[in-house]
Amino acid sequence: MDAESLLLSLELASGSGQGLSPDRRASLLTSLMLVKRDYRYDRVLFWGRILGLVADYYIAQGLSEDQLAPRKTLYSLNCMEWSLLPPATDEMMVQTSVVKGRFTGDPSHEYEHTELQKVNDGEKVFEEEVVVQIKEETRLVSIIDQIDKAVSVIPRGALFKTPFGPVHVNRTFEGLSLSQAKKLSSYFHFREPVELKNKTLLEKADLDPSLDFLDSLEHDIPKGSWSIQMERGNALVVLRSLLWPGLTFFHAPRTKNCGYIYVGTGSEERTTGPGDPALKQGAEGWNVQMREDGGWKWLWEVTARSPLRKATSCTQMRAAHRSGSPTHLLLAAPQAEELTNSFQ
């Protein structure tokens with residue numbers, strides 16, 4: 001969400017519980033304007049908050065005049081003092097992929113991971129256990145980059161591409177119509193396109209090159225990974241990501257007011273598909289029921305009154321079944337239908 005309309009944006013996103021205390025709002029409003037001035041950014045976005053055990057990370061991003069140019073990411077623990085994060089690299093992604101669990105809230109904290117590395121001793125080659133230390137600041141960079149690439153959102157028409165290549169804010173954008181706002185095809189990923197490059201010339205024939213230069217959300221995999229809801233008497237459309245719980249996009253139709261915010265632990269929702277051969281074996285004898293919830297379909301197995309637990313693997317499904325505790329498995333709608341039919 002744009003720092004210049006921070007208070008209004010937070011109010012529009014408050015329906016998802018993405019609120020801040022009055023003192024935090026006041027601190028952000030002042031400090032983000034200073035960040036824009038000191039770093040000479042064209043725009044500053046308040047990205048959101050990653051929840052930690054000891055403290056939370058407040059995230060902001062600085063954009064240049066070209067809106068798709070690499071962004072500068074900053075974090076703060078008190079909404080007043082901001083530190084610049086390094087750009088994400090492939091090495092960071094690989095290094096931090098082994099780290100699990102919650103953020104601590106201390107950027108200097110180091111996670112320890114033991115891995116096997118090949119060591120040459122003359123003609124002999126043997127494996128040796130090496131303890132690798134990974135800073136939480138590095139993990140923070142990696143998670144922010146993953147969320148940006150997966151679920152950052154912009155409505156169609158909010159940006160336009162010039163014939164020379166740069167992408168600018170569309171000053172004539174007056175918002176989506178009510179009918180357009182209800183369609184997932186009216187929203188794009190706010191990053192460099194990936195899938196668009198793979199389209200054929202025939203598929204691109206009906207696209208406007210100045211507006212349709214980004215990847216549409218309607219082609220996201222798995223299908224049904226976005227929830228669209230109309231709120232406040234159709235005066236506000238809200239998109240929620242079911243892959244990265246905590247990401248909320250809002251837009252008031254027929255107005256320029258739009259933006260997204262992430263408030264969560266930085267954990268991705270894992271999904272399981274029907275292609276897993278162990279899945280059918282683990283579900284034999286289960287009383288499978290279907291329920292639709294926010295664009296997703298859930299497979300339910302209730303065997304006791306204890307709290308529901310989420311099964312992210314077949315092993316967890318079988319273990320929960322043996323222990324008599326109820327379990328539910330999250331699947332995309334088409335996968336859920338296919339899987340349920342195979343059990344009947």
Side-chain angles (χ1 to χ4, degrees), residues 1-64 70-89 92 95-96 99-112 133-148 151-152 190 241 244-250 257-268:
M1 56 179 64
D2 200 310
E4 292 186 355
S5 57
L6 181 66
L7 298 182
L8 175 60
S9 297
L10 288 173
E11 177 64 27
L12 294 175
S14 62
S16 301
Q18 322 290 34
L20 294 174
S21 62
D23 59 327
R24 292 295 188 193
R25 293 188 184 200
S27 299
L28 282 173
L29 198 60
T30 304
S31 62
L32 291 181
M33 291 299 101
L34 295 176
V35 166
K36 180 181 178 181
R37 183 198 68 184
D38 296 342
Y39 287 91
R40 298 183 179 181
Y41 294 137
D42 183 68
R43 281 205 303 159
V44 172
L45 305 180
F46 176 57
W47 186 90
R49 177 169 51 137
I50 293 182
L51 308 177
L53 298 174
V54 178
D56 299 338
Y57 292 104
Y58 295 87
I59 311 298
Q61 290 184 328
L63 280 66
S64 62
R71 306 170 196 172
K72 304 297 183 181
T73 303
L74 305 96
Y75 76 91
S76 174
L77 298 175
N78 57 10
C79 296
M80 290 296 293
E81 300 172 345
W82 295 88
S83 301
L84 193 63
L85 288 171
T89 63
M92 285 183 180
Q95 189 181 38
T96 58
V99 181
K100 307 299 179 184
R102 294 278 302 274
F103 281 86
T104 65
D106 179 7
S108 62
H109 176 77
E110 291 186 342
Y111 302 93
E112 291 187 351
Q133 294 184 331
I134 305 168
K135 291 189 65 175
E136 180 159 286
E137 186 179 83
T138 304
R139 185 189 178 196
L140 183 65
V141 172
S142 175
I143 291 296
I144 293 173
D145 186 66
Q146 290 180 55
I147 295 175
D148 273 341
V151 291
S152 58
F190 191 14
S241 172
W244 288 92
L247 190 287
T248 300
F249 170 84
F250 60 89
N257 300 323
C258 63
Y260 65 90
I261 183 174
Y262 177 82
V263 178
T265 60
S267 301
E268 183 181 6

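Numbering starts at 1 and runs along the sequence shown. Keep in mind that this is a model prediction, so the values were computed, not measured.
Using a 4.5 Å cut-off on side-chain heavy atoms (C-beta onward), S241 and Y262 make no contact. In this structure the side chain of S9 never reaches within 4.5 angstrom of the side chain of I261, judged on heavy atoms.
Between the side chain of S5 and the main chain of L8, no donor-acceptor pair closer than 3.5 Å is present. Not a single donor-acceptor pair under 3.5 Å links the side chain of E137 to the backbone N or O of L85. Side-chain atoms of R139 never come within 3.5 Å of backbone atoms of T96 as a donor-acceptor pair (strictly under, hydrogens ignored).
For E4, the side-chain hydrogen bond (donor to acceptor under 3.5 Å, both in side chains) partners two or more places apart in sequence, or in a different chain, are K36. Listed by chain and number, the residues in a side-chain hydrogen bond (donor to acceptor under 3.5 Å, both in side chains) with T138 amount to none (sequence neighbours excluded). Q61 meets the side chain to side chain contact (heavy atoms under 4.5 Å, CB included) test with W47, L63, R71, T73, I144, D148, Y260; sequence neighbours excluded. Taking the ring pair (Phe, Tyr, Trp, His ring centres under 6.0 Å) definition, one finds that Y41 meets it with Y39, sequence neighbours left out. Remark: S64 engages no residue in a side-chain hydrogen bond (donor to acceptor under 3.5 Å, both in side chains) (not counting sequence neighbours). When the side chain to side chain contact (heavy atoms under 4.5 Å, CB included) test is applied to S76, the partners found at least two apart in sequence or on another chain are N78, W82. Scanning for side chain to side chain contact (heavy atoms under 4.5 Å, CB included) contacts around L53 gives R102, with sequence neighbours left out. Residues passing the side chain to side chain contact (heavy atoms under 4.5 Å, CB included) test with D106, sequence neighbours excluded: T104, S108, H109. Checked against ring pair (Phe, Tyr, Trp, His ring centres under 6.0 Å), F249 has the following partners two or more places apart in sequence or in another chain: Y187. Not counting sequence neighbours, S83 has no partner by the side-chain hydrogen bond (donor to acceptor under 3.5 Å, both in side chains) test.
Considering CE of M92 and NZ of K135, their distance stands at 10.5 Å, rounded to 0.5 Å.
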Determine whether L77 and Y57 satisfy the following criterion, side-chain contact (heavy atoms from CB on, under 4.5 Å), listing intermediate values before the conclusion. CA-CA 5 Å; L77 298 175; Y57 292 104; 3.7 Å; yes

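The salt bridge (charged side-chain N to carboxylate O under 4.0 Å, His left out) pairs that include a residue from residues 72-85 number zero, where partners must be two or more places apart or lie in different chains.
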